[in-house]
Amino acid sequence: WLGSQCSTESETWRAVEYTIKQGQRDLLNNKQEVTEMKEKTTAIVLAAGQGKRMHSKIQKQFLEIQGHPVLYYSLKCFQESPLIHDIIIVTGEDMISYCKREIVERYQLTKVSAVIAGGKERYDSVYKGLLACEECKYVFIHDGARPFITEEILERGMFGVQETGACVVGMPSKDTVKLSDEEGYVKETPNRKCVWTIQTPQIFSYSLIREAHDSIRQKDMSKITDDAMVVEQETGAKVALAEGSYQNIKITTPEDMKTARHFWRNKSSVLRLFYYYSISPAWHWELLRILFLNARRKVLELLYPHSDIQLI
């Protein structure tokens, strides 16, 4: 039916994507609807990392996936989200002009209000981003090396922050986690049901995260690994957990780039498959046949990239 209503592949996919998103939004939270936020919300996107583990002359956030810089994808998500009012990019001082010219202007990212230089450490860059915010209610802090965020992730994060003032996205750990002692022996095995791997964005009430960063800057920050940790230590506020995605990976190593490109190839293959078989009168039977007989491996890898599930 969608194929018959649309004249081009791009129109068909936009219609499909809209339909899917509408269904997902209905399931996200029964308590309230997702509407455009009246309170100003700012996204701080960190793009100042050197990426030494990538072993590349090009910083990881500027490497390309499908012809676009890694950084572009998360900025595009924030640009298109009705939850976000403006974006602050924090990058290396020598990359400011590049970001303005090759990313902000090239992709017409009109919500970007500032491109500023970061600091020596990640928490320094976050603090500079917070100082650049202007009268916002909430702030999303995101690693520019995570290109696979979605509107649904942003919505779940916004639900969480409205309850507690602090929310991080992540996923339950699939692996058993061991805590070691200083000599390298197992000290403790936490209950896997209680272990989450944390991602970004991390979302906070601006006043709360600003207060926490102002306070901790007078102390030793060498063990700080994320912004939720700053809030936990300095304010004692509860931090809500919201579901992210197992595909919301941070690109840090060459292996991560291979995984990211694999995600995009699979996504593109499924979209093409859906389009070509949606315009056929017998599309439903043919699509099922293709999915389950010929494309079962690709579909499973796309849906469960790290799972041992097999289709019989």
Side-chain angles (χ1 to χ4, degrees), residues 21 24-46 74 77-78 81-88 122-123 125-127 129-130 133 136-146 148-175 177 179 190-216 221 223-250:
K21 284 188 174 182
Q24 289 174 330
R25 285 171 182 164
D26 291 341
L27 296 174
L28 285 176
N29 195 301
N30 292 325
K31 295 181 180 178
Q32 54 181 311
E33 296 180 353
V34 177
T35 57
E36 187 169 352
M37 298 300 298
K38 294 181 180 179
E39 300 90 353
K40 183 178 178 183
T41 303
T42 297
I44 298 175
V45 181
L46 305 174
S74 58
C77 182
F78 287 125
S81 173
L83 299 176
I84 304 300
H85 295 82
D86 73 324
I87 304 167
I88 296 172
R122 183 186 186 280
Y123 46 75
S125 295
V126 171
Y127 191 63
L130 291 172
C133 291
C136 64
K137 174 71 173 179
Y138 299 108
V139 58
F140 283 66
I141 301 174
H142 183 65
D143 292 327
R146 291 186 188 269
F148 297 114
I149 58 168
T150 64
E151 177 66 16
E152 290 71 34
I153 291 176
L154 302 188
E155 290 170 355
R156 291 192 288 266
M158 181 59 77
F159 286 138
V161 76
Q162 289 175 325
E163 293 179 2
T164 67
C167 179
V168 296
V169 304
M171 294 298 289
S173 176
K174 295 180 178 181
D175 302 314
V177 175
L179 303 182
N191 185 346
R192 189 171 65 178
K193 293 181 180 180
C194 299
V195 177
W196 282 53
T197 55
I198 299 305
Q199 305 169 352
T200 66
Q202 299 190 359
I203 310 96
F204 305 94
S205 160
Y206 178 79
S207 58
L208 179 68
I209 189 66
R210 176 65 186 273
E211 174 191 346
H213 269 274
D214 283 341
S215 174
I216 203 169
M221 300 181 67
K223 295 181 180 180
I224 296 298
T225 56
D226 75 348
D227 299 289
M229 190 174 179
V230 179
V231 169
E232 293 160 24
Q233 290 187 8
E234 298 303 307
T235 70
K238 285 188 176 181
V239 179
L241 289 166
E243 183 179 326
S245 167
Y246 287 115
Q247 289 195 5
N248 185 23
I249 62 172
K250 183 177 181 181

Worksheet item: What residue among Thr200, Ile149, Asp143 forms side-chain contact (heavy atoms from CB on, under 4.5 Å) with Ser74?
Response: Ile149

Worksheet entry | Side-chain heavy-atom pair Val126, Leu46 within 4.5 angstrom cut-off | yes

Discussion item. Please find the pair of heavy atoms, one from Met229 and one from Ile224, that lie closest to each other, and give the distance.
Written reply: SD-CA, 4.0 Å

Worksheet entry | Summary of salt bridge (charged side-chain N to carboxylate O under 4.0 Å, His left out) pairs that have at least one residue in residues 204-213, sequence neighbours excluded | Arg210-Asp214

Discussion item. Taking the side chain as everything from C-beta on, heavy atoms only, tell me whether Tyr206 gets closer than 4.5 Å to Lys137.
Written reply: no

Fill in: NZ or CZ of Lys174 within 45° of Tyr246 ring axis and under 6.0 Å
yes

Worksheet item: Lys40 versus Tyr138: any side-chain heavy-atom pair under 4.5 Å?
Response: no

Worksheet item: So do Val231 and Ile209 actually touch side chain to side chain, heavy atoms under 4.5 Å?
Response: yes

Practice prompt. Answer yes or no: is there a side-chain heavy-atom contact under 4.5 Å between Val168 and Gln199?
Written response: no

Worksheet item: To the nearest 0.5 Å, what is the distance between CD1 (Ile141) and CZ (Arg122)?
Response: 7.0 Å

Worksheet item: Heavy-atom distance under 4.5 Å between the side chains of Arg192 and Val177, does that happen here?
Response: no

Item to complete: Look at the side chain of Thr197 and the backbone N and O of Met171, then say whether any donor-acceptor pair between them is shorter than 3.5 Å.
Response: yes

Worksheet entry | Close side-chain approach of Val169 and Pro201, heavy atoms under 4.5 Å | yes

Practice prompt. Using atom types as modelled and distance alone, determine if a side-chain donor or acceptor of His85 lies under 3.5 Å from a backbone N or O of Thr41.
Written response: yes

Worksheet entry | Donor-acceptor contact below 3.5 Å, side chain Arg156 vs main chain Glu243 | yes

Worksheet item: So Ile44 and Val139, side-chain contact (heavy atoms from CB on, under 4.5 Å) or not? Walk me through it.
Response: CA-CA 7 Å; Ile44 298 175; Val139 58; 3.6 Å; yes

